[in-house]
K.L.:
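Shown below is the structure under consideration.
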There are 2 protein chains.
Amino acid sequence: MKRNSRLSLALHTLGHMASDPNRVRTSSDIAEHAGTNPVVVRRVLGKLREAGLLTSEKGHAGGWRLARQPQDITLADVYLALDERMVATGETSEAPACSVEHALHKRVSTVLEDIEASLVKRLSETSISEVR
Amino acid sequence: MKRNSRLSLALHTLGHMASDPNRVRTSSDIAEHAGTNPVVVRRVLGKLREAGLLTSEKGHAGGWRLARQPQDITLADVYLALDERMVATGETSEAPACSVEHALHKRVSTVLEDIEASLVKRLSETSISEVR
DNA sequence: ACAAATGCAACTGCAAAAGTTACGAGCAAC
DNA sequence: GTTGCTCGTAACTTTTGCAGTTGCATTTGT
Ligand code: FES
Ligand code: FES
């Protein structure tokens, strides 16, 4: 798959779930629809469950369901739940040591953090009920 | 190395060059300083040469030199020269087909393009002469 | 009991990027 | 014009992250 495959999979799936929230879906269903593997689906949706966006149930009639109203789940919620930041480098743990690297890192990471924040802000303006 | 190694290497090197523009540096010098390989340096700096930020000369007293004044080279110039976009997915060439994916892609790519643009704008506000 | 589903761990396969090696071509010093 | 240093580039190897896969324990409804 491509680069942002986890985010794509998550958004695609939630987009479908938003348009029919009562239906329970199994990871096999979702995997087949998305052209991937049930285990991959569980890995990705598991992150969303940890973040409180989805619920899952084991057993015979189990599967995945939205944990909130579709209008109350934004693209930012999904993005943050997967915690794979697109821009911010986060903790690089590099020895700052020299002045060039120190000044550089400071400038760049400030910009990147700002950009990351505005990305999240923009994503929070759209809910998954608007992308079906 | 880490994820944004090319950008890090480029910025680090230009930062040093900005603080002593007249000195000519060989890829071996730079590689040793940056803890990498001369060929990798030439690959990365080659991109910057294509973009008109650096000049290189072969032969006995050859090496790398800034092509402009340090104040006239911004972080955005370097970022764009490497053409590895951080956020914008660019041409995904996916069949839009279904309505969910279409709406999703439209929303997300709009946001991403805006964010990419504001990243470049922010980076263009700092020149390499300010990070030494 | 049985079938159907998640949860999880471990392994394989693959592709992109860094790193490496090798060699050709240009330029300066001698 | 020969030598030594440099870039330019192609080909190969190594590393690394991630999707994909397999296997099995656990839970749950029939
Ligand atoms: S070694 Fe510290 S900035 Fe280059
Ligand atoms: S198949 Fe799911 S949006 Fe088209």
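The figures here come from the full heavy-atom set of this structure, side chains too, leaving out hydrogens, waters and symmetry mates. Just so it is clear, the model here is predicted, and its values are computed rather than measured. Protein chains get the first letters and strands the later ones, always in sequence-line order, with residue 1 at the start of each.
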K.L.:
Strictly under 3.5 Å: I want the nitrogen or oxygen pairs between protein and nucleotides 20-23 of chain C, one per line.
P.N.:
| unit_1 | atom_1 | unit_2 | atom_2 | d |
| --- | --- | --- | --- | --- |
| C:dT20 | OP2 | B:Asn37 | ND2 | 3.3 |

K.L.:
Grab the CG-P distance between B:Leu45 and C:dA18 for me, whole Å please.
P.N.:
13 Å
K.L.:
Please name all residues satisfying side-chain hydrogen bond (donor to acceptor under 3.5 Å, both in side chains) with A:Ser118, sequence neighbours left out, ordered by chain then number.
P.N.:
none
K.L.:
Just verifying a value: how many Å separate A:Asp77 CG and A:Leu82 CG, rounded to the nearest 0.5 Å?
P.N.:
11.0 Å
K.L.:
Which residue pairs pass the salt bridge (charged side-chain N to carboxylate O under 4.0 Å, His left out) test when at least one of the two sits in residues 30-56 of chain A, sequence neighbours left out?
P.N.:
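Pairs touching residues 30-56 of chain A that pass the test: A:Lys47-A:Asp83.
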K.L.:
By side chain to side chain contact (heavy atoms under 4.5 Å, CB included), which residues pair with B:Ser19, not counting sequence neighbours?
P.N.:
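Partners of B:Ser19 by the side chain to side chain contact (heavy atoms under 4.5 Å, CB included) criterion, ordered by chain and then number, come out as B:Arg132.
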K.L.:
In this structure, how many angstroms lie between the C1' atom of D:dG20 and the CG atom of A:Leu9, rounded?
P.N.:
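Nearest whole value for this atom pair: 13 Å.
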K.L.:
Would you jot down, in residue-number order, the residues of residues 52-67 of chain A having a non-hydrogen atom under 4.0 Å from DNA chain D?
P.N.:
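A:Lys58, A:Gly59, A:His60 - these, ordered by number, are the residues of the stretch whose heavy atoms sit under 4.0 Å from the strand.
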K.L.:
Going by ring pair (Phe, Tyr, Trp, His ring centres under 6.0 Å), name the pairs with one or both residues in residues 113-132 of chain B, residues two or more places apart or in two chains.
P.N.:
none
K.L.:
Under 3.5 Å, side-chain donor or acceptor atoms of residues 61-71 of chain B against the rest of the protein: list the pairs with distances, not counting sequence neighbours.
P.N.:
| unit_1 | atom_1 | unit_2 | atom_2 | d |
| --- | --- | --- | --- | --- |
| B:Arg65 | NH1 | B:Asn22 | O | 3.4 |
| B:Arg68 | NH1 | B:Asp72 | O | 2.6 |

K.L.:
List in numerical order all residues of residues 17-30 of chain B for which some heavy atom is under 4.0 Å away from an atom belonging to DNA chain C.
P.N.:
none
K.L.:
Which residue pairs pass the ring pair (Phe, Tyr, Trp, His ring centres under 6.0 Å) test with at least one member in residues 28-52 of chain A, sequence neighbours excluded?
P.N.:
A:His12-A:His33, A:His16-A:His33
K.L.:
Whole angstrom is fine here: how far is it from CZ in B:Arg49 over to C1' in C:dG26?
P.N.:
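For the pair B:Arg49 CZ and C:dG26 C1', the rounded distance is 13 Å.
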K.L.:
Would you mind reading off the distance between B:Lys47 atom NZ and C:dA17 atom P, rounded to a whole angstrom?
P.N.:
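Interatomic distance, NZ of B:Lys47 to P of C:dA17: 11 Å.
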K.L.:
What is the distance, rounded to the nearest whole Å, between atom CG of A:Asn4 and atom P of D:dC18?
P.N.:
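Answer to the nearest Å: 11 Å.
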K.L.:
Taking atom types as modelled, find out whether A:Ser127 and A:Ser129 have a side-chain donor-acceptor pair closer than 3.5 angstrom.
P.N.:
yes
K.L.:
Could you list the residues that satisfy salt bridge (Lys or Arg N to Asp or Glu O under 4.0 Å) with B:Glu57, not counting sequence neighbours?
P.N.:
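Expected list: none.
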K.L.:
What pairs with B:Arg25 under salt bridge (Lys or Arg N to Asp or Glu O under 4.0 Å), at least two apart in sequence or on another chain?
P.N.:
none
K.L.:
Using whole Å, report how far CZ of A:Arg6 lies from C1' of D:dA19.
P.N.:
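Value for this atom pair: 9 Å.
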K.L.:
Please name all residues satisfying side chain to side chain contact (heavy atoms under 4.5 Å, CB included) with B:Glu113, sequence neighbours left out, ordered by chain then number.
P.N.:
B:Ser109
